[in-house]
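Working notes, structure below.
The first residue of the sequence shown is numbered 1, and numbering continues consecutively from there. Quick note: numbers below take in every heavy atom, side chains included, and nothing from hydrogens, waters or symmetry partners.
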Amino acid sequence: MDNSSGVGVLDKAAVVLAALEAGPATLAGLVAITGLARPTAHRLAVALEHHRLVARDMQGRFVLGPRLAELAAAAGEDRLLAAAHPVLAHMRDITGESAQLYRRQGDMRVCVAAAERLSGLRDTVPVGSTLPMKAGSAAQCLLAWEEPERLHRGLQGARFTATTLSGVRRRGWAQSIGEREPGVASVSAAVRGPSNRVVAAVSVSGPIERLTRHPGRLHAQAVMEAAAKLSDALRRAPVEV
């Protein structure tokens, strides 16, 4: 086995996780990919499942488990939040609107950082607020690049459609007009981690009277630049505004 650490069981567990990085696998698939004996592959996969490092999909196939995402989020959280505050403040200043950063948690999204408009009518989303994944431009961004099965589930009961998300993937940004809250418009872009997976969404939001019914025309460039800076922060050293 390449890159052996000298601790056989850990090396074999790492091989199982690496095999699942490419996507769901049956036990037979794991055996074929890893070269491990069937009993060994099964024992390791079940043990990893116990620790939530491996899970099962609806077809019973082995997939990477939720604990990996939790660990990855914890590893990147400090860098993301450290970069977020100056980036959000800069975006607020150049757009004149409130700015937020959202992360997905299950069927909800959580505001993990924000920079409020300093005066006048504004859309206030306090840090720690949980909002549904069924409406709003940030929800669109957090869902648009999901695996097909999870994307399909996320669309059930949503105020946006598969066609909407196709447009988000094509443009690289999302907008909503009165979708999350009457009278409020927003524009969002996806923040990507080192593996290029979407890990957060950065947004500006405010009253439709200012953002108009085509808020992307006004602020898409700003949110995409902010998302790029935050994505860079997760790949390299903290960014400068």
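- Salt bridge Lys229/Glu225: absent, no basic N to carboxylate O contact under 4.0 Å.
- Side-chain contact check for Thr34 versus Leu44: every heavy-atom pair is 4.5 Å or farther apart.
- A 4.5 Å side-chain heavy-atom check between Leu151 and Trp145 finds every atom pair outside the cut-off.
- In plain terms, the two heavy atoms of Ile33 and Ala19 that are nearest each other are CG2-CB, 3.6 Å.
- Counting only distance, with no hydrogens or angles, the side chain of Ser98 and the backbone of Arg117 share a donor-acceptor pair below 3.5 Å.
- For Arg169 (side chain) and Ala144 (main-chain N/O), a donor-acceptor pair under 3.5 Å exists by modelled atom type.
- Remark: the Ser176 side chain and the Ser186 side chain contain an N/O donor-acceptor pair separated by less than 3.5 Å.
- The minimum heavy-atom distance linking Ala138 with Tyr102 is given by the pair CB-CD1, 3.5 Å.
- For Gln156, the CD atom counts as densely surrounded, since its 6.0 Å shell holds more than 12 non-hydrogen atoms of other residues, nucleotides or ligands.
- Across all their heavy atoms, Arg180 and Leu131 have their closest contact at CD-CD1, 3.7 Å.
- The number of heavy atoms from other shown groups lying within 6.0 Å of CZ (Arg52) is above 12.
- The hydrophobic cluster containing Leu17 also contains Val9, counting ILVMFWY residues as joined when their side-chain heavy atoms lie under 4.5 angstrom apart, directly or transitively.
- Cluster annotation: Leu81 is connected to Val87 through the hydrophobic network of ILVMFWY side chains, with a link wherever side-chain heavy atoms come within less than 4.5 Å.
- Residues Val202 and Leu234 are members of one and the same hydrophobic cluster, defined by side-chain heavy-atom contacts under 4.5 angstrom among Ile, Leu, Val, Met, Phe, Trp and Tyr.
- Here the closest non-hydrogen pair linking Ala41 and Val31 is CB-CG2, 4.0 Å.
- Looking at Leu68, Val54, Leu64 one by one, the single match for side chain to side chain contact (heavy atoms under 4.5 Å, CB included) with Leu48 turns out to be Val54.
- The 12-atom threshold is exceeded at CG of Asp93, counting heavy atoms of other residues, nucleotides or ligands nearer than 6.0 Å.
- In the model, Ser188 has a side-chain atom that pairs as donor or acceptor with a side-chain atom of Ser203 under 3.5 Å.
- A heavy-atom distance below 4.5 Å is found between the side chains of Glu97 and Pro207.
- Arg217 CZ: 12 or fewer foreign heavy atoms inside a 6.0 Å radius.
- Not a single donor-acceptor pair under 3.5 Å links the side chain of Ser166 to the backbone N or O of Ala162.
- Side chain of Arg104 to main chain of Val199: no donor-acceptor pair is present (N/O by atom type, distance under 3.5 Å, no hydrogens or angles).
- Two residues are said to be in side-chain contact when any heavy atoms from C-beta on lie closer than 4.5 Å; Leu143 and Gln140 fail this criterion.
- Hydrophobic cluster membership is shared by Val7 and Leu36, with clusters built from Ile, Leu, Val, Met, Phe, Trp and Tyr side chains linked at under 4.5 angstrom.
- Looking at Thr161 and Thr164, their side chains do bring a donor and an acceptor atom within 3.5 Å of each other.
- Judged by distance alone, the side chains of Ser137 and Gln175 never bring a donor and an acceptor atom under 3.5 Å apart.
- Looking at Arg92 and Val204, their side chains never come closer than 4.5 Å, going by heavy atoms from C-beta outward.
- Inter-residue side-chain proximity for Asp107 and Met133 is flagged as unmet; no heavy-atom pair is nearer than 4.5 Å.
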